[in-house]
Amino acid sequence: MVETLSIAVIGAPGVGKTSIIRQFIYNDFSEAYTPTRSRYVYRPSVILNGNMYELKILDVPPISSFPSSSSQEWLDLRCRGVRNANAYILVYDICCVESFEYVKMIRQQIVEHREGSSSEVPILVVGNKRDLQRQRFMPRRAVSVLVKKTWKCGYVECSAKFNWHVVLLFKELLGIAVARGMRQNHTSIRLQGALQRNRCTIM
């Protein structure tokens, strides 16, 4: 039996959500920006501490708010599966304060509207574009303290462009999710399918 973990990746337009996911799964980065217009699901497999997990990564297009109810979730195709994800990656651009405010809003809404015990749902805030360090709007330490101490979330900075800390952020999130027992349903998958080149990552 292989554990399945559902991870919703959410952020404002242009912060690099899709770039982070594609860098993690395919070691691929494109300079061309293509806005995410509809929800896309990636299903890579990873090995963490000797255990295999199938991930269901939801690349969520920009949403105006976290769905407050199941009916709202199903009315908006972009939000399908967002409410009952096992974990959340909230991405912002370290050079764009508006994208950080968006993450702040979504995190608060997850806490307010999430089904079940929201305090137990792993949330990792990710500051992307670390390669543009000199243009950041707030010192890294100040953001890290705010996110960890006040929001009670994990915090990682990465560069999707240079594949810096991308595997680390998924490893960090999975470690928290597995430790908290945030497992969805047990499903068996064909190992040969999961172990295709570029689809299985040992972390």
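Side-chain atoms of C153 and L124, non-hydrogen and from C-beta on, never get closer than 4.5 Å to each other. Residues F100 and V143 meet the side-chain proximity criterion, which asks for heavy atoms closer than 4.5 Å. Residues D76 and P67 form no side-chain contact, since every pair of their non-hydrogen atoms from C-beta on lies 4.5 Å or further apart. Residues V46 and L174 form a side-chain contact, since some pair of their non-hydrogen atoms from C-beta on lies under 4.5 Å apart. Under the 4.5 Å side-chain criterion, counting only non-hydrogen atoms from C-beta, I89 is not in contact with I10. In this structure, Y42 and L58 have side chains that are not in contact, with every pair of non-hydrogen atoms separated by 4.5 Å or more. Counting only heavy atoms from C-beta outward, the side chains of F66 and M105 never approach each other to under 4.5 Å.
Considering all non-hydrogen atoms of both residues, P122 and I176 come closest at CB-CG2, 3.8 Å. Minimum interatomic distance between S65 and Q72 (heavy atoms only, all atoms of both residues): OG-NE2, 3.9 Å. The nearest pair of heavy atoms linking V15 to D93 is CG1-N, 3.7 Å. In terms of heavy atoms, Y102 sits closest to G11 at CE2-C, 3.4 Å. Taking all atoms of both residues into account, the shortest heavy-atom contact from I20 to C158 is CD1-SG, 3.8 Å. Taking every heavy atom of both residues into account, Y53 and L5 meet most closely at CD2-CD1, 4.0 Å.
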Notebook entry, point to check: How far apart are the C-alpha atoms of Y92 and V97, what are their side-chain angles, what is the distance that settles it, and do they pass the side-chain contact (heavy atoms from CB on, under 4.5 Å) test?
Noted result: CA-CA 8 Å; Y92 78 97; V97 67; over 6 Å; no
Next item on the list: Before giving the answer on side-chain contact (heavy atoms from CB on, under 4.5 Å), spell out for V91 and V103 the whole-Å C-alpha distance, their side-chain angles and the decisive distance to 0.1 Å.
Entry: CA-CA 7 Å; V91 184; V103 160; 5.8 Å; no
Note to self: side-chain contact (heavy atoms from CB on, under 4.5 Å), that's the test. Do R140 and E157 meet it? Break it down for me.
What the structure shows: CA-CA 8 Å; R140 180 194 164 283; E157 290 192 352; 3.3 Å; yes
Next item on the list: Could you go through the salt bridge (Lys or Arg N to Asp or Glu O under 4.0 Å) check for K104 and E98 one step at a time?
Entry: CA-CA 10 Å; K104 179 180 177 182; E98 290 83 7; over 6 Å; no
Checklist line | Worked verdict on L169 versus L173 for side-chain contact (heavy atoms from CB on, under 4.5 Å) | finding: CA-CA 6 Å; L169 76 89; L173 184 70; 5.9 Å; no
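Residue D131 holds its CG atom at 10.0 Å from CD of Q133, rounded to the nearest 0.5 Å. Going from atom CZ of R134 over to atom CZ of R136 covers 13.5 Å, rounded to the nearest 0.5 Å. One finds the OG atom of S68 at 7.0 Å from the CZ atom of R83 (value rounded to the nearest 0.5 Å). The CG atom of L168 sits 11.0 Å away from atom CZ of F24, with the distance rounded to the nearest 0.5 Å. Interatomic distance, H165 NE2 to K171 NZ, rounded to the nearest 0.5 Å: 11.5 Å. Between C96 atom SG and Q135 atom CD the span is 11.5 Å, to the nearest 0.5 Å.
Exactly one residue among F29, F162, W164 makes a side-chain contact (heavy atoms from CB on, under 4.5 Å) with Q23. That residue is F29.
Judged purely by atom type and a 3.5 angstrom limit, R107 has no side-chain atom pairing as donor or acceptor with the backbone of V147. Remark: side-chain polar atoms of R78 are paired, donor with acceptor, to backbone N or O of P62 under 3.5 angstrom. Side-chain atoms of N128 come within 3.5 Å of backbone atoms of A160 as a donor-acceptor pair (strictly under, hydrogens ignored). In this structure, the side chain of S45 does not engage the main chain of E54 through any donor-acceptor pair within 3.5 Å. Side-chain atoms of E73 come within 3.5 Å of backbone N or O of G81 as a donor-acceptor pair. At distances below 3.5 Å, at least one donor-acceptor pair connects side-chain atoms of N86 with backbone N or O atoms of S6.
Hydrophobic cluster membership differs between V125 and V145, with clusters built from Ile, Leu, Val, Met, Phe, Trp and Tyr side chains linked at under 4.5 angstrom. With hydrophobic clusters built from ILVMFWY side chains whose heavy atoms lie under 4.5 angstrom apart, L132 does not share a cluster with M138. Linking Ile, Leu, Val, Met, Phe, Trp and Tyr residues whenever their side-chain heavy atoms come within less than 4.5 Å leaves L75 and I63 in two separate clusters.
Using a 4.0 Å cut-off between a side-chain N of Lys or Arg and a carboxylate O of Asp or Glu, E31 and K161 qualify as a salt bridge.
The six-membered or imidazole ring of W151 lies away from that of Y88, with a centre-to-centre distance of 6.0 Å or more.
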N/O donor to acceptor pairs below 3.5 angstrom from side-chain atoms of residues 32-40, sequence neighbours left out:
residue, atom, partner, partner atom, Å
Y33, OH, G14, N, 3.2
T36, OG1, T18, OG1, 3.0
R39, NH1, R80, O, 2.7

